[in-house]
Amino acid sequence: MAEKTRVQKQVGLYQLIGGAKNGDLTSQDILKAIKPEMSLEDRERLLAWAKDLGELWEPYAEIYFNLEKARPYHNLAKSIERFINPQKGDIWLDVACGPAKMSEMIYKKSRGEVEKVIAIDIILKPAKERLARLNTSMPIELKCASITDPLPFPDNFFDGIVANLCLPYVIDFEGKRGRDAFEAVLREMFRILKPGGHMIWSTPKANVHFQWNFVASIPDMLNVWEYIYHKDITRILQGTTILKHALKIQENGRKGIYTFLPKDELEELLLQIGFVNPVWEKTFTQQVWVNRVYKP
Ligand SMILES: C[S@@+](CC[C@H](N)C(=O)[O-])C[C@H]1O[C@@H](n2cnc3c(N)ncnc32)[C@H](O)[C@@H]1O
């Protein structure tokens, strides 16, 4: 009798290292957690994760907030704001929150009436800095969690999810890579979303060219008034660094480490998973799709 080949589900990367010890995670923590008794495959998976975090997300976290100062990100945030509909008493999730701009937006769009926004990331420093600047009475809860693993929330938990520019960047989900990892992370979003809830997420388009964002950001980088009135010189200094990181993301997409699919393929995948009523908007200098879907 022919034996069926089974794809073995593996332990998620976050679980493999025993989770974050000090509230968030660094690439050094991942490297330290690699043990000789681990299988070669697991050691390689962890090395790839440490590289992704150390070469891209850690340095990016230091400057990422500058993106918000330029019009492409502003337009992207506006698209997301139009698509979300948070209500009184809702619990929302901000996935891979970065500086938690989306959490603040969810709270404000609900006129301060959501019960709670849970903002997850593995690097929480930018979100902590934003919350320290804002009214601390906002019910925004920061939590270290990784989209490489099943998330620590029950089924049907969230009224709404925002996942801005993060789901396609998953490099490994329980040993799955590339498109399979991306599909698994979308399924995880479906699991934790309540029936009737909606998810708004975004992805670079297939064959993205982030160079256009840099070009479109030049007027904001050269904004003389910001230099004079706010003494803000970070814009021009960090514009090229942001471009460098964006090009790295683009390269990871071309190599299949990240997964940027054409819109038709994305829609087919979302419907296959069980989401309904997809609506799309292209923004971020036409380089990013924003999508809203519902769980029936
Ligand atoms: C392009 S930023 C998006 C930030 C934010 N969502 C926004 O609205 O601007 C990608 C974020 O993914 C986070 N990230 C990278 N790998 C992650 C992982 N495995 N789990 C959770 N977050 C991760 C990074 O730290 C970074 O904050």
Side-chain angles (χ1 to χ4, degrees), residues 4-62 64 93-98 118-128 141-155 157-158 161 163 165-193 201 203 245 248-249 251-253 255-260 273:
K4 264 193 176 171
T5 322
R6 283 218 185 143
V7 180
Q8 281 272 319
K9 191 164 90 176
Q10 298 181 28
V11 174
L13 295 173
Y14 192 71
Q15 193 189 338
L16 197 56
I17 61 162
K21 303 285 180 292
N22 305 311
D24 57 9
L25 201 60
T26 67
S27 50
Q28 287 305 313
D29 296 333
I30 299 172
L31 290 174
K32 277 189 220 146
I34 300 176
K35 299 279 180 282
E37 59 272 20
M38 288 175 169
S39 70
L40 177 62
E41 191 181 358
D42 282 348
R43 279 181 279 154
E44 282 173 356
R45 290 172 64 208
L46 288 174
L47 275 177
W49 195 27
K51 185 169 184 270
D52 187 53
L53 193 53
E55 288 182 5
L56 187 56
W57 300 119
E58 280 171 354
Y60 208 14
E62 298 299 323
Y64 187 81
L93 177 67
D94 179 1
V95 185
C97 63
I118 302 180
I120 62 164
D121 205 296
I122 40 179
I123 305 171
L124 291 171
K125 185 170 161 242
K128 284 179 188 158
E141 187 182 306
L142 302 184
K143 189 173 177 64
C144 184
S146 175
I147 58 169
T148 55
D149 289 45
L151 291 175
F153 306 112
D155 296 354
F157 187 69
F158 290 102
I161 297 177
L165 292 179
C166 54
L167 305 181
Y169 304 157
V170 67
I171 61 163
D172 179 313
F173 190 97
E174 294 185 321
K176 297 186 175 89
R177 310 280 166 87
R179 192 188 189 281
D180 291 345
F182 173 58
E183 177 175 341
V185 86
L186 283 174
R187 288 188 184 278
E188 186 56 8
M189 297 300 128
F190 188 82
R191 179 187 72 76
I192 59 180
L193 189 61
W201 69 289
T203 176
H245 284 90
K248 178 74 190 155
I249 292 172
E251 186 192 325
N252 283 350
K255 286 181 177 164
I257 298 170
Y258 300 162
T259 305
F260 308 153
I273 291 171

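What you see is a predicted model, and the numbers here were worked out from it, not measured in a lab.
- Taking both residues in full, the closest heavy atoms of R191 and E188 are given as NH2-OE2, 2.7 Å, listed atom of the first, atom of the second, then distance.
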Item to complete: Mind running side chain to side chain contact (heavy atoms under 4.5 Å, CB included) on I120 and L93 for me, showing each step along the way?
Response: CA-CA 8 Å; I120 62 164; L93 177 67; 4.1 Å; yes
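- Remark: the backbone N or O of R177 is not paired with any side-chain donor or acceptor of D180 at under 3.5 angstrom.
- Taking CD of E44 as the start and CE of M38 as the end, the distance is 13.0 Å to the nearest 0.5 Å.
- At least one side-chain heavy atom of I249 sits less than 4.5 Å from a side-chain heavy atom of L56.
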Practice prompt. Mind running side chain to side chain contact (heavy atoms under 4.5 Å, CB included) on I122 and W57 for me, showing each step along the way?
Written response: CA-CA 9 Å; I122 40 179; W57 300 119; 5.9 Å; no
Fill in: Audit row: I118, L142, side chain to side chain contact (heavy atoms under 4.5 Å, CB included) steps and yes/no
CA-CA 6 Å; I118 302 180; L142 302 184; over 6 Å; no
Item to complete: List the steps, then state whether side chain to side chain contact (heavy atoms under 4.5 Å, CB included) holds for R187 with F173.
Response: CA-CA 11 Å; R187 288 188 184 278; F173 190 97; over 6 Å; no
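- Note: W201 and F182 have tilted aromatic rings, judged against thresholds of 30 and 60 degrees for the angle between ring planes.
- Judged by distance alone, with hydrogens and angles left aside, the side-chain atoms of S39 form a donor-acceptor pair with the main-chain N or O of D42 at under 3.5 Å.
- In this view, F190 and F275 satisfy the ring pair (Phe, Tyr, Trp, His ring centres under 6.0 Å) rule, not counting sequence neighbours.
- Taking NZ of K143 as the start and CG of D94 as the end, the distance is 14.5 Å to the nearest 0.5 Å.
- Applying the ring pair (Phe, Tyr, Trp, His ring centres under 6.0 Å) test to W49 and every residue at least two apart in sequence or in another chain returns nothing.
- When each of Q15, K176, R45, E174 is paired with Q10, the side chain to side chain donor-acceptor pair (under 3.5 Å) condition holds for R45 and for no other.
- Taking OG of S27 as the start and CG of L47 as the end, the distance is 11.5 Å to the nearest 0.5 Å.
- For the pairing with E58, the side chain to side chain contact (heavy atoms under 4.5 Å, CB included) check across L25, L53, D52 returns one residue only, L53.
- For the pair D121 (side chain) and C97 (backbone), a donor-acceptor distance under 3.5 Å is present.
- In this pair, F153 and F157 present their aromatic rings parallel. The plane angle is below 30°, not in the 30 to 60° band.
- A distance-only check finds a donor-acceptor pair linking the side chain of Y14 to the backbone of A20 [under 3.5 Å].
- A 6.0 Å sphere centred on CG of D155 holds more than 12 heavy atoms belonging to other residues, nucleotides or ligands.
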